[in-house]
Amino acid sequence: MKPRKLKADVHWVGAVDWDRRLFDELIPLPDGTSYNAYLVKGSKKTALIDTVDPPMANVLINNLNQLEVKNLDFVVTNHAEQDHSGTLPQILKMYSNAIVVTTPKCKNLLMELLLIPENRIMTVKDRETLSLGDKTLEFIHAPWVHWPETMLTYLREDKILFPCDLFGSHLATSNLYITDKATVYEAAKRYYAEIMMPFRAIIQKNLEKIKDLQIDIIAPSHGPIYHNPEFILEAYKDWVYAPPKNIVVLPYISMHGSTKKMVEYFVAALVERGITVKQFNLARTDIGKLAMALVDAATVVVGSPTVLVGPHPNVVYAVYLANALRPKLKFASIIGSYGWGGRMVEQITRMLPNLKVELLEPVVIKGFPEEEDFKALDRLADEILTRHKEHNLAC
Ligand code: FEO
């Protein structure tokens, strides 16, 4: 993709990664991603805002060459993670006068992770500005979105916010701006769930910090650009502030059909009571879909058979992730089956210290479910409905 103009002397110079399917060797990327970098040319100085993932360095360099950038004064580094900073060493070599502009914490990380020499880095304070002549960059420290060193950059004259990962989406597209809102909403929610949700409380503070900025464009470092900032700001407000909804997320595994039978009965019982259910078979689910479902859910019920006295390893993985992602869940429970004993409930419960959930009486049975077991599942469904009603989540 060639450089693309956002405003006079402001260009997108990043790279679209259509084929990438995994991030951090962990996060599925069903729709690829992009590494957005931006060139801001003032009447006196020129700044590059972020770089790209190292395997795509040539795309960024070609874009800078196409714009005939002979001199670069600053490379604003909003975030030290290598998908945005990894090409810094090449850029600093190409432009020997360029100085990295970043937060003090990011300076240390850049020196440690990328071995950037200290004399090539200039730190900026929160709300400090940098004049490029007729354009002014304002730096807003925004720690923990999603590393401790992160900042946002605001281009005052053009009212563009460059928030790096915050508000981003893993979505490869030929469109510079959002065209298909539903697709971008899904990708941005997936991104929020996987990357930002653990820092929900801190994001609230960062949203407060930018609420008085006049923003015409939000230009994140992944995915399409928002020329209607309210779209993503309102979505974030819902994901971050709104109470959870009348939803049960049910990740499960079944080896020989007992837990599956319980899940099927239980899902029907919940639906009968007017509760929305999102069911995931952990043997084949996209973990990103599960993370997205956890954004809004009030309750998680984990379904597992017993393997070597504990939960199935896929269940362990999902519970570990749910605990790490810190969604707004209020209640949790466990259903499943065992053959001759085990400590599944104890082990799963111990894995959820980050979640401020109340554990509702689990239904863990011996063998294949019978009449009494179905009645116990009905009682759990009743209990969930009662609790949701007490919190005004269900009517
Ligand atoms: Fe897109 Fe935290 O890197």
Side-chain angles (χ1 to χ4, degrees), residues 1 12-38 48-57 59-60 75-91 100-103 105-114 116 139-153 161-173 184 186-200 202-203 206 218-226 232 236 239-240 287-288 291-292 321 324-326:
M1 214 87 72
W12 175 91
V13 289
V16 178
D17 198 342
W18 297 92
D19 297 331
R20 189 160 180 182
R21 285 293 172 269
L22 206 55
F23 195 87
D24 290 344
E25 303 297 8
L26 169 70
I27 297 169
L29 302 181
D31 304 306
T33 191
S34 66
Y35 317 106
N36 301 333
Y38 302 93
L48 175 66
I49 299 181
D50 293 318
T51 69
V52 299
D53 206 31
M56 305 205 91
V59 180
L60 170 62
V75 187
V76 175
T77 300
N78 284 319
H79 179 24
E81 193 166 8
Q82 290 87 337
D83 53 324
H84 309 294
S85 68
T87 304
L88 263 179
Q90 277 166 274
I91 294 296
V100 175
V101 178
T102 194
T103 63
K105 276 189 182 152
C106 192
K107 172 184 171 179
N108 291 338
L109 283 171
L110 294 175
M111 290 167 62
E112 289 158 4
L113 297 175
L114 297 166
I116 305 290
F139 306 106
I140 303 162
H141 289 202
W144 294 109
V145 289
H146 61 120
W147 279 16
E149 85 299 1
T150 41
M151 73 172 186
L152 324 176
T153 298
L161 182 69
F162 301 96
C164 200
D165 280 340
L166 186 65
F167 307 127
S169 61
H170 282 310
L171 182 62
T173 167
V184 177
E186 167 111 358
K189 188 173 185 180
R190 175 187 279 266
Y191 191 89
Y192 167 80
E194 292 167 333
I195 311 284
M196 296 294 166
M197 188 158 64
F199 309 102
R200 194 157 36 91
I202 293 170
I203 291 175
N206 288 326
I218 293 181
S221 293
H222 296 291
I225 296 170
Y226 305 96
I232 192 65
Y236 260 68
W239 301 333
V240 169
I287 213 77
M292 259 192 287
L321 272 184
L325 294 176
R326 297 170 184 255

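Just so it is clear, the values below take in all heavy atoms, side chains as well, and ignore hydrogens, waters and symmetry mates. Each ligand, and each atom within it, is numbered from 1 in the order the structure gives.
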Task: Residue E81 atom name (nearest to atom 2 (Fe) of ligand 1; N/O/S) - done: OE1
- [ ] Indicate the atoms forming the closest heavy-atom contact of S85 with T77, along with that distance.
- [x] CB-CG2, 4.3 Å
Open item on the list: Looking at D31 and R190, is there a salt bridge between them, counting it only when a charged N and a carboxylate O are closer than 4.0 Å?
Closed with: no
Task: Which atom of P163 lies closest to which atom of A219, heavy atoms considered - done: CD-O, 3.2 Å
Task: For atom 2 (Fe) of ligand 1, the closest N/O/S atom belonging to H79 - done: NE2
Task: Exercise: identify the closest heavy-atom pair between A57 and T87 - done: CB-CG2, 3.5 Å
Open item on the list: With carbon and hydrogen excluded and only N/O/S kept, which atom of H84 is nearest atom 1 (Fe) of ligand 1?
Closed with: NE2
Open item on the list: Looking only at the side chains, is there a donor atom on one of Y191 and D165 sitting less than 3.5 Å from an acceptor on the other?
Closed with: yes
- [ ] Please report the shortest heavy-atom distance between A80 and L113, naming the atom on each side.
- [x] O-CD1, 4.2 Å
Open item on the list: Please name the atom of D165, limited to N, O or S, that comes nearest to atom 2 (Fe) of ligand 1.
Closed with: OD2
Task: Atom nearest to atom 1 (Fe) of ligand 1 - D83, N, O or S atoms considered - done: OD2
- [ ] Could you confirm whether H222 has any N/O/S atom lying under 2.8 Å from atom 1 (Fe) of ligand 1?
- [x] yes
Task: Presence of N, O or S from H146 under 2.8 Å of atom 2 (Fe) of ligand 1 - done: yes
